[in-house]
Amino acid sequence: MAQLQPARGTQDLLPAQMRRHRRIIETAREIAARYGFAEMSTPIFEFTEVFARPIGEATDIVAKEMYTFVDRGGDEITLRPEATAGIVRAVISNGLAQQAPLKFFYTGPMFRYERPQKGRFRQFHQIDVELMGVAAPQADIEVIACGRQILDALGIGGRVVLELNTLGDRESRAAYRDALVAFYKRHLDDLSEDSRRRLERNPLRILDSKDEGDKRINADAPSNAEYLTPASRDFFDGVRRGLDALGIEYKVNPRLVRGLDYYVHTTFEFITTELGAQGTVLGGGRYDGLSEIMGGPPLPAVGWAAGIERLAMLIEEPPEGRRPVAIVPAGDDAALPALKLAEELRRAGFVVELGYSGNMRKRLQRADKANARVAVILGETELARGAAVLRDLDKGEQEEVPLAELADRLGTFY
RNA sequence: GCGGGUGUAGCUCAGCUGGUUAGAGCGCCAGAUUGUGAUUCUGGAUGUCGCCGGUUCGAAUCCGGUCACUCGCCCCA
């Protein structure tokens, strides 16, 4: 048991795990590109206020989960807990709103100081899609469809379900919130301790409580449908018609509430039952007011984020990379010719494995372990006549090949 | 921040109600095969039994603390 460990909630991505991450990122990048999302990146840390205001002072993320510190210049800095606020800040900073619609794909690490558990880490990675400058439901539909295609392409489409809800516009949301607070205040004595706290911070969250007593109270709670303005209702209908037209299945879940303050209208989550308590694999919604909250121009927007670690736990193990050509020098005189040959073959595009030590037997063992497809054995007698032995490691057959023809012959194996 | 579970070799784990040299499989190393891998056979190395303290003639085993991991709550990707 090693004494030296990574900081709690962080982990090393060794090659096998890294392959999973890459598979997810590359799949998402490719599919997002088909929708016209252009990849961008922002700093990993920002001034604390970039996150604090838009996410919501009362949310857990801001209240207790941010990695915040004062740097040597006295600035208050925070490691980003999510991507959207930084992206919107970048849009404002660079005056990009005029070029709307803007469509961005994003991937990178995020940081939240939480107690780690299955599918939850202090440093984790997300892929992210944002569509800004379009107020119509088409944007929501496109963004959700993109998420659906990525999950399908990763082979886990059948293991997640899409849940959909609307919070309505700000007017609807405020009216519903007031109604809920009034309702819960009448049941204050019966509410769980957690929910009494939620009543102050985020009353919508009580709807999603796992407490049995809360669930009984929730059965009689007012429904948000009654508080939607006609415009909000129309918007939601538009989103649903679009998803129906695309054959994207979803379940309307009126209890689906997103924690971040900046969401309005559409909220959605792709959920799996295979990850314990952390069912949400991809979640997002519309955040029309965020740009203005941050001091920017009006900019309606919708987007989602997906947790790469969570997706990585669901996908099949990706195949290893290209199988190498192993070069095996036999004898000291073959060492430099082997080095030279490896260099030439790499320049020609082959993946080449050249061992560092050992006799031929050892080197062939390593070639096997490296999953090499063929071995090129450079023996002194063959070298003397300008040739090498080409061994097919799958079949166990070999033959002598002139060095001049080697690259062409190797090509037939791939 | 709160509650439960688990810490024995590189990995997966065994070790009954405390008994003296702590085990297996896989992996690793070497040899059979000093110019031929993956198969087979033979041999070998590897552990502060997470850490600190206590009980005891004696602790991997019991007790306390601590740290780490893990699952759940809160919250979220």
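Below, all heavy atoms of this structure are taken into account, side chains as well, without hydrogens, waters or symmetry copies. Every value quoted in this text rests on a predicted model; they were computed, and no experiment measured them. Chain naming here is simple, since letters A, B, ... match the order of the sequence lines and numbering starts at 1 in each.
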Taking only N and O in the side chain of A/Gln117, is any of them less than 4.0 Å away from OP1 or OP2 of B/C71? no
Please tell me whether A/Arg240 and A/Tyr250 have a donor and an acceptor in their side chains that are separated by less than 3.5 angstrom. yes
Looking only at the side chain of A/Ile377 (C-beta and beyond, no hydrogens), which of the listed nucleotides B/A77, B/C76, B/G35 gets closest? B/G35
Would you mind telling me which of B/U36, B/C69, B/A77 lies closest to the side-chain atoms of A/Thr280? B/A77
Between A/Phe104 and A/Phe37, is the ring centroid distance below 6.0 Å? no
Pairwise P distance, B/U39 and B/U20 [rounded to whole Å]: 37 Å
Which residues pass the side chain to side chain donor-acceptor pair (under 3.5 Å) test with A/Arg255, sequence neighbours left out? none
Measure from the side-chain N and O atoms of A/Asp392 to the backbone N and O of A/Lys395, and report whether any donor-acceptor pair falls under 3.5 Å. yes
If you pin A/Tyr113 and A/Gln398 to their nearest nucleotides in RNA chain B, which one's is more 5'? A/Tyr113
Near RNA chain B, under 4.0 Å by heavy atom, which residues of residues 118-128 of chain A? A/Lys118, A/Gly119, A/Arg120, A/Phe121, A/Phe124, A/Gln126
With RNA chain B as reference, determine whether A/Glu397 or A/Gly283 sits nearer its 5' end, using the nearest nucleotide of each. A/Glu397
The reported gap from OG1 in A/Thr107 to CE in A/Met110 (rounded to nearest 0.5 angstrom) is 7.5 Å
Using 30° and 60° as the class boundaries, would you call the ring planes of A/Tyr176 and A/Tyr227 parallel, tilted or perpendicular? tilted
Answer yes or no: does atom CZ of A/Arg385 have more than 12 heavy-atom neighbours from other residues, nucleotides or ligands under 6.0 Å? yes
Suppose you measure atom P in B/U61 against the same atom in B/G18; what distance do you get, rounded to whole Å? 11 Å
Measuring only between side-chain heavy atoms, which start at C-beta, is A/Leu341 closer than 4.5 Å to A/Leu406? yes
A/Tyr263 side chain to A/Asp288 side chain, donor-acceptor N/O pair below 3.5 angstrom: no
Suppose you measure atom P in B/G25 against the same atom in B/C62; what distance do you get, rounded to whole Å? 27 Å
Write down the distance separating the P atoms in B/U36 and B/G31, rounded off to the nearest Å. 13 Å
In this structure, which one of A/Met132, A/Met40, A/Glu130 forms a side-chain contact (heavy atoms from CB on, under 4.5 Å) with A/Val91? A/Met132
Side-chain donor or acceptor of A/Glu65 under 3.5 Å from a matching atom on the base of B/G1? no
Atom pairs under 3.5 Å, N or O on each side, protein against nucleotides 28-31 of chain B: can you list them with distances?
from, atom 1, to, atom 2, distance (Å)
B/C28, OP1, A/Lys369, NZ, 2.5
B/A30, OP2, A/Lys362, NZ, 2.7

Would you mind telling me which of A/Leu282, A/Leu131, A/Asp128, A/Thr267 makes a side-chain contact (heavy atoms from CB on, under 4.5 Å) with A/Trp304? A/Leu282
Which value, in whole Å, describes the distance between the C1' atoms of nucleotides B/G7 and B/A14? 15 Å
Do any side-chain nitrogens or oxygens of A/Arg115 fall under 4.0 Å of OP1 or OP2 in B/U70? no
Take atom CD of A/Glu269 and atom C1' of B/C76, then tell me their distance rounded to the nearest Å. 9 Å
Residue pair A/Thr166 / A/Thr266, side-chain donor-acceptor N/O under 3.5 Å: no
Angle between ring planes, A/His187 versus A/Phe183, binned at 30° and 60°: parallel, tilted or perpendicular? tilted
Defining pairs by Watson-Crick or G-U wobble geometry with both distances under 3.5 Å, how would you list the stems of RNA chain B with at least three pairs each? B:1-7 with B:67-73, B:10-13 with B:23-26, B:28-32 with B:40-44, B:50-54 with B:62-66
Euclidean distance for C1', B/G10 against B/G47 (whole angstrom): 11 Å
Report yes if the side chains of A/Leu364 and A/Leu393 come closer than 4.5 Å at any heavy-atom pair, otherwise no. yes
Is a side-chain N or O of A/Arg112 found less than 3.5 angstrom from the main chain of A/Gln123, in a donor-acceptor match? no
Short side-chain donor-acceptor distance under 3.5 Å, A/Thr42 and A/Tyr106: yes
Do other residues, nucleotides or ligands put more than 12 heavy atoms under 6.0 Å from A/Gln138 CD? no
A/Leu275 atom CG is separated from B/A77 atom C1', nearest whole Å, by 10 Å
What is the distance, to the nearest angstrom, from the CG atom on A/Leu393 to the P atom on B/U39? 13 Å
More than 12 heavy atoms of other groups within 6.0 Å of A/Glu317 CD: no
Within residues 303-333 of chain A, residues whose heavy atoms come under 4.0 Å of RNA chain B: A/Ala305, A/Gly307, A/Arg310
Tell me whether the side-chain N/O atoms of A/Arg363 come closer than 4.0 Å to OP1 or OP2 in B/U36. no
Please give the distance between the C1' atoms of B/G23 and B/G65 as a whole number of Å. 30 Å
Ordered by number, residues from residues 28-49 of chain A within less than 4.0 Å of RNA chain B (heavy atoms) are none
Inter-nucleotide P distance (B/U40, B/G27), Å rounded: 9 Å
